[in-house]
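Presented below is the structure to which this report refers.
All values below come from the heavy atoms of this structure, side chains included, with hydrogens, waters and symmetry mates left out. Reminder, nothing fancy here: chain letters follow the sequence lines and each chain counts from 1.
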There are 2 protein chains.
Amino acid sequence: MRVTNGAVSASRRAGSPGEGGAVTAGQTGRRRADAVRNQAAILTATRGTLSANPDATMAQIAHAAGVGRVTLYGHFSNRAELIDAALADVLHRGNGVLEQLDLDGDPREALGRLVVSSWKLVDESRSLLAAAQRELPEGRIRDLHGDLEGRVRRLLERGQQEGLFRADLPVDWLLATMHALMHGAANEIAAGRLEPDDAGPMLRATLLGAYAPPGDA
Amino acid sequence: MRVTNGAVSASRRAGSPGEGGAVTAGQTGRRRADAVRNQAAILTATRGTLSANPDATMAQIAHAAGVGRVTLYGHFSNRAELIDAALADVLHRGNGVLEQLDLDGDPREALGRLVVSSWKLVDESRSLLAAAQRELPEGRIRDLHGDLEGRVRRLLERGQQEGLFRADLPVDWLLATMHALMHGAANEIAAGRLEPDDAGPMLRATLLGAYAPPGDA
DNA sequence: ACTAACTCATACATTCCTGTTCGAGTAAAG
DNA sequence: CTTTACTCGAACAGGAATGTATGAGTTAGT
């Protein structure tokens, strides 16, 4: 209910769905404190609820946020708009994490740091992403993802140039490998076959192995 | 009369299409040829349609099978039952592939053969599996999967014992890695970033790297 | 050719979700 | 303490999907 996190959550995303007659559309009048609080709670609940079940109902999300269904529609006039906002929120947060991370130095060590400190975010967003995939227009997801992906891609490219990551496979594939393994880890945890604390190290070890130039230490 | 003779519901576990099998629990009446044909068409259509869209409607599946919706219900009385049968079909087929495969000799080469010749099946079943995950009861999926998984697991264990696969990570995780990467490859293909023909070799290369004992060729 | 097995379109009852409207109540900002 | 911003439940219209029923037509076995 009072999941008050300090997230700013660039609220009104007038993306593709119509400008929405949500609570304070456009009008930058005074914004009441509880409204801000509720909006943050809704985004958090969206993340959490959809992670457990990508088909969760608007009613379920509202309930999880400790808010009436009508209030939810007051903040986000669409299911699409809600998911868009939630995804943007998670991605923005992830970008923040990466910004504070030192990706210089030995690419292998940088990769290790990156994986260990960010895989949990991927975990959280994985089902959200699944939901987004069938609710949001074509390019939207990639747009939102762009920033985050660029950072990782640059690290991988640097590693290849320095001969520390294998260059016989395209960067796109290395990126996909990373995504896939993180999602796989999340699945294993959900299935109870993997301890959450073990996930980071295992991912690091597996990825470093997968990225190592063939026939070499 | 109609096909809904009341006993049809519980008896739809026939493996691959073309495999005769009993129609009714008690009375094996004569089974007409077009009925067998249609049932096979339905299973195929289920696989194909759900692969494109895990939320596909019964109506869509029926249409894709070139069959009326009512006819579909004549063969499978539930959505769950249909998906169960389709998944069993795919898995049975996969088992057939693995049976004909030589998994002896150098585990690394065996793994390569396994991946290249079976990843496509995983591709086909991935969305089917997603559909099954929210439509089928808890243990059912794992039950159906059991046989298939056992084969791979044995190969991995042997590789570990022979010192050719890393033993610092549990077999469960190596298995999960394989799954995750295959799904990832399927995604990349769906997104147009990977050529279907490249997937097999890339998977092979990546997995061999990931499985190699740390600090070694 | 006869009959049982099967198919199909139409139509109906049910259930569930979405998005909107209403009016009355409550919390916050000045 | 007054105004404004927001919240809430209940209720409604709409759409969409599931599963069932009916009856007339078609296909295939013997």
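- One interatomic measurement links the two molecules: CG of B:Leu82 to C1' of D:dG19, which rounds to 14 Å at whole-angstrom precision.
- Counting only heavy atoms from C-beta on, B:Val70 has its side chain closest to C:dA9 among C:dC22, C:dA9, D:dC6.
- Of the residues in residues 56-68 of chain B, those lying under 4.0 Å from DNA chain C by heavy-atom distance are B:Gly66, B:Val67, B:Gly68.
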Stepwise side chain to side chain contact (heavy atoms under 4.5 Å, CB included) test for B:Asp84 and B:Asn78: CA-CA 10 Å; B:Asp84 188 295; B:Asn78 271 325; over 6 Å; no

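- For the pair B:Tyr73 OH and C:dC12 C1', the computed distance is 14 Å after rounding to whole Å.
- Within 4.0 Å of B:Arg69, counting heavy atoms only, lies at least one base atom of the nucleic acid.
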Criterion side chain to side chain contact (heavy atoms under 4.5 Å, CB included) on A:Leu82 and A:Tyr73, from CA distance to verdict: CA-CA 9 Å; A:Leu82 171 64; A:Tyr73 277 106; over 6 Å; no

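- Between A:Asp102 and A:Asp104, the closest heavy-atom pair is OD1-N, 3.0 Å.
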Criterion side chain to side chain contact (heavy atoms under 4.5 Å, CB included) on A:Leu101 and A:Arg151, from CA distance to verdict: CA-CA 11 Å; A:Leu101 213 60; A:Arg151 276 199 166 75; over 6 Å; no

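- One finds no side-chain N or O of B:Asn38 lying less than 4.0 angstrom from the OP1 or OP2 phosphate oxygen of C:dC6.
- Looking only at atom types and distance, the side chain of A:Asn53 has no donor-acceptor partner in the side chain of B:Arg134 under 3.5 Å away.
- Other residues, nucleotides and ligands contribute more than 12 heavy atoms inside 6.0 Å of the CD atom of A:Glu99.
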Dot-bracket encoding per residue of DNA chain C, Watson-Crick/G-U cut-off under 3.5 Å, | denoting interstrand: ||||||||||||||||.||||||||||||.

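- Counting heavy atoms from C-beta outward, B:Ile83 and B:Leu50 have side chains that approach closer than 4.5 Å.
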Derivation of the side chain to side chain contact (heavy atoms under 4.5 Å, CB included) call for B:Phe165 and B:Arg158: CA-CA 9 Å; B:Phe165 291 162; B:Arg158 188 166 64 84; over 6 Å; no

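- Closest to the B:His75 side chain, of the nucleotides C:dG19, D:dC6, C:dT7, is C:dT7.
- Residue B:Met178 holds its CE atom at 14.5 Å from CH2 of B:Trp173, rounded to the nearest 0.5 Å.
- In this structure, of C:dT7, D:dA11, D:dG19, it is C:dT7 that holds the atom nearest to the side chain of B:Thr71.
- You'll find that the side chain of B:Arg31 is closest to C:dC6, out of C:dT18, C:dA29, C:dC6.
- Considering only the side chain of A:Ala35, D:dC6 comes nearest among D:dC6, C:dT7, C:dG19.
- Of all heavy-atom pairs spanning B:Ala62 and B:Arg69, the tightest one is CB-CA, 3.8 Å.
- In this model, a donor atom of one side chain and an acceptor atom of the other lie less than 3.5 Å apart for A:Arg126 and A:Asn187.
- Heavy atoms of other residues, nucleotides or ligands lying less than 6.0 angstrom from NE2 of A:His63 number 12 at most.
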Under 3.5 Å, which protein N or O atoms sit close to an N or O of nucleotides 24-27 of chain C? Give each pair with its distance.
unit_1: C:dA27; atom_1: N3; unit_2: A:Arg32; atom_2: NH1; d: 2.9

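- One interatomic measurement links the two molecules: CG of A:Leu72 to P of D:dC6, which rounds to 15 Å at whole-angstrom precision.
- Between the CG atom of B:Asp55 and the C1' atom of D:dG15 there is a distance of 16 Å, given to the nearest Å.
- B:Asn78 has a side-chain polar atom (N or O) that falls below the 4.0 Å cut-off from OP1 or OP2 of D:dG19.
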